Amino acid sequence: MNERILQIFLDRPGQFLSGEELSRELGCSRTAIWKHIRNLRDRGYEFEAVSRRGYRMVKTPDRLDVGRLLTCLKTRTLGRSIRLLQQVDSTQNLAHQLVIEGAEEGTLVLAEQQTAGRGRLGRSWHSPFGKGIWMSLILFPQIPLQFTSQLTLLVAVAVCRAIRQNTGVEAGIKWPNDLLVRGRKVCGILLESSGEDERLRHVVAGIGISVNLLPEDFPGELRGKATSLRIESGRELDRTNLIAIILQQLEELYDLYHRVGFAPIRLLWEAGSISLGKPIRIQTREGWVQGVAETIDDFGALALRTDDGQLRKFYSGDVELA
Ligand code: BTN
C-alpha cells in the first residue's frame, strides 16, 4: 500500500491530493492514508499538508529506496530482486554469497556505503555514504568462459549510455571499462566470475559511480584523477533514477548480446571509446608499452600499434592517454 501511495504522488508531481481522494482511489480509510504518509515521511519523503487541499510531495529523499526503485524500473529481469544495505564491506562479497544461496539472475545488491569496496588490480574503491552508486549485479550468462571480457565491455557501454542519457554528461570509455569525463574517472567496473567446463557459471558485475561527491569528498590521492557526475553536471542527481536507467540499458544490451552476439556491442563500445585511434601507453608486467590503440578484438583485447610498427594485443592492464 505504501508503494501504491508513493506511485500516485510520483505520477502527479507538484499536485495536491486530498485524503478523501486518496482513500477513494486506494479503497482504505483516511486514517490509513495518514499512517502511510507518516511512514513515507519516516523514509525521508517530505509532504506539504494544506487544509482542504490535501498533501503534496515536495521532496524525495536522497536515500536509496527499494520501493521507489521498483516503481521506476522498466526491466523484465534485471533488478527485480534487490538487497539494499546501509553499509557493507563490499557489495561484491554479498553478491557472491547470494549466488551460493541460490539467488536468481538479475539480483541486485546496493549499498549506501562500502567499507572495503574493491577495484581492479587489487585496488580499493572509495565509497562514501549516500554519495554514489555502489552496486553489484548477479548474472548467469550462457556463454563460453573465453568471452567473459565481452561482458565487461558490454557493462561499460550500458553504464556510459545511461549516464549520457540521464545526466547529459559526456562520459567516454577508456579501455577496458573505466568511464572518464574530461580525463577524470567517474565510474569503475569490476567483473568477477566463476566457470565450469569451459562455460561461465556466474558473473557478479560490480559498478561504482561517483554521483554526488563534492571535490572535498575525494581523498587527497584521488584529487585531479577522479570526478563526480555532480561536479561535471553542476547539479545534484537522483541516484535511484540513474540506477533504473542503467539496468534498462544493461537489459537491452544483454538481450541483444544473447540474440546476435558481440558485433553490435563492439560497435557501441568503439563509438563510446576515448582511447581508440589515440596515442596511449599501457602498463604491463614488463613495464610500459607505448603506441596507438587501433581496435579491440572478439575477446575484448586491445590491439596496440607500437612505435616500432608491430601490432600487439593486450588482455588486461592499465591504460593512460599519452
Ligand atoms: C575499478 O575501476 O577499479 C573497478 C571499481 C569497481 C567498484 C565497484 S563499487 C560496487 C562493487 N563493489 C565493490 O567492492 N567494487 C565494485
Side-chain angles (χ1 to χ4, degrees), residues 64 69 78-79 82-99 103 106-139 148-149 151-160 162-163 171-181 183-194 202-213 217-219 221-222 225-229 239-240 242-243 246-247 250 269 272-275 282-283 300 302 314-321:
L64 295 174
L69 177 53
L78 304 192
I82 300 173
R83 279 288 291 274
L84 167 65
L85 294 106
Q86 295 307 300
Q87 191 186 69
V88 71
D89 52 356
S90 158
T91 53
Q92 295 291 96
N93 294 347
L94 179 58
H96 287 294
Q97 182 57 36
L98 293 179
V99 170
T107 300
L108 179 69
V109 180
L110 276 170
E112 286 287 12
Q113 180 179 24
Q114 296 186 113
T115 53
R118 55 172 184 272
R120 284 173 62 232
L121 311 169
R123 298 185 184 127
S124 63
W125 184 260
H126 179 60
S127 328
F129 188 92
K131 300 271 179 164
I133 294 176
W134 326 125
M135 67 185 240
S136 296
L137 186 69
I138 297 173
L139 299 171
T148 311
S149 49
L151 281 178
T152 316
L153 303 183
L154 183 154
V155 175
V157 171
V159 179
C160 186
I163 288 177
I173 312 170
K174 188 184 78 156
W175 184 85
N177 51 5
D178 285 347
L179 298 188
L180 268 60
V181 185
R184 295 176 181 195
K185 184 155 163 173
V186 75
C187 165
I189 292 159
L190 175 71
L191 243 76
E192 295 175 333
S193 57
S194 73
H202 88 276
V203 165
V204 172
I207 300 169
I209 309 176
S210 302
V211 181
N212 285 324
L213 284 86
D217 294 321
F218 289 101
E221 69 271 18
L222 292 181
K225 292 187 189 158
T227 186
S228 75
L229 295 176
R239 291 175 297 155
T240 305
L242 181 53
I243 295 168
I246 290 171
L247 291 171
L250 270 169
W269 189 92
S273 162
I274 51 167
S275 13
I282 180 162
Q283 194 172 30
L302 181 73
F314 295 90
Y315 291 86
S316 70
D318 239 358
V319 160
E320 274 184 10
L321 301 179

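As the structure lists them, so they are numbered: ligands from 1, and atoms in each ligand from 1. Model, not experiment: these values are computed from the prediction.
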Work out which heavy atom in [X] is nearest to a heavy atom in [Y]; give both atom names and the distance.
X: Ser228; Y: Leu213; value: OG-O, 2.6 Å
X: Val204; Y: Ser136; value: CG1-CB, 3.7 Å
X: Ile138; Y: Ala95; value: CD1-O, 3.5 Å
X: Thr107; Y: Leu98; value: CG2-CD1, 4.3 Å
X: Cys187; Y: Val159; value: SG-CG1, 3.9 Å

Counting each atom of ligand 1 from 1 as listed, which ones have a heavy atom of [X] under 4.0 Å away?
X: Gly117; result: 14 (O)
X: Gly119; result: 1 (C), 3 (O), 4 (C), 5 (C)
X: Ile189; result: 2 (O), 4 (C)

Protein contact of [atom] - nearest heavy atom, named by residue and atom, plus distance:
atom: atom 1 (C) of ligand 1; answer: Arg120 N, 3.5 Å
atom: atom 9 (S) of ligand 1; answer: Gln114 NE2, 3.3 Å
atom: atom 2 (O) of ligand 1; answer: Lys185 NZ, 2.6 Å
atom: atom 16 (C) of ligand 1; answer: Arg118 O, 3.8 Å

Exercise for review: Determine, considering heavy atoms only, which of Thr115, Val88, Thr91 sits nearest to atom 11 (C) of ligand 1.
Suggested key: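 Minimum heavy-atom distance to atom 11 (C) of ligand 1 goes to Thr91.
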**Study point:** Asn177 side, atom CG; Leu190 side, atom CG - distance, nearest 0.5 Å
**Key:**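 So the CG of Asn177 and the CG of Leu190 are separated by 8.5 Å.
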One residue to check: [X]. Relative to ligand 1, which of side chain, backbone, both or neither has a non-hydrogen atom less than 4.0 Å away?
X: Ile207; result: backbone
X: Met135; result: backbone
X: Asn93; result: neither

**Study point:** His96 and His202 aromatic ring geometry - parallel, tilted or perpendicular at 30°/60° bounds
**Key:**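 Perpendicular.
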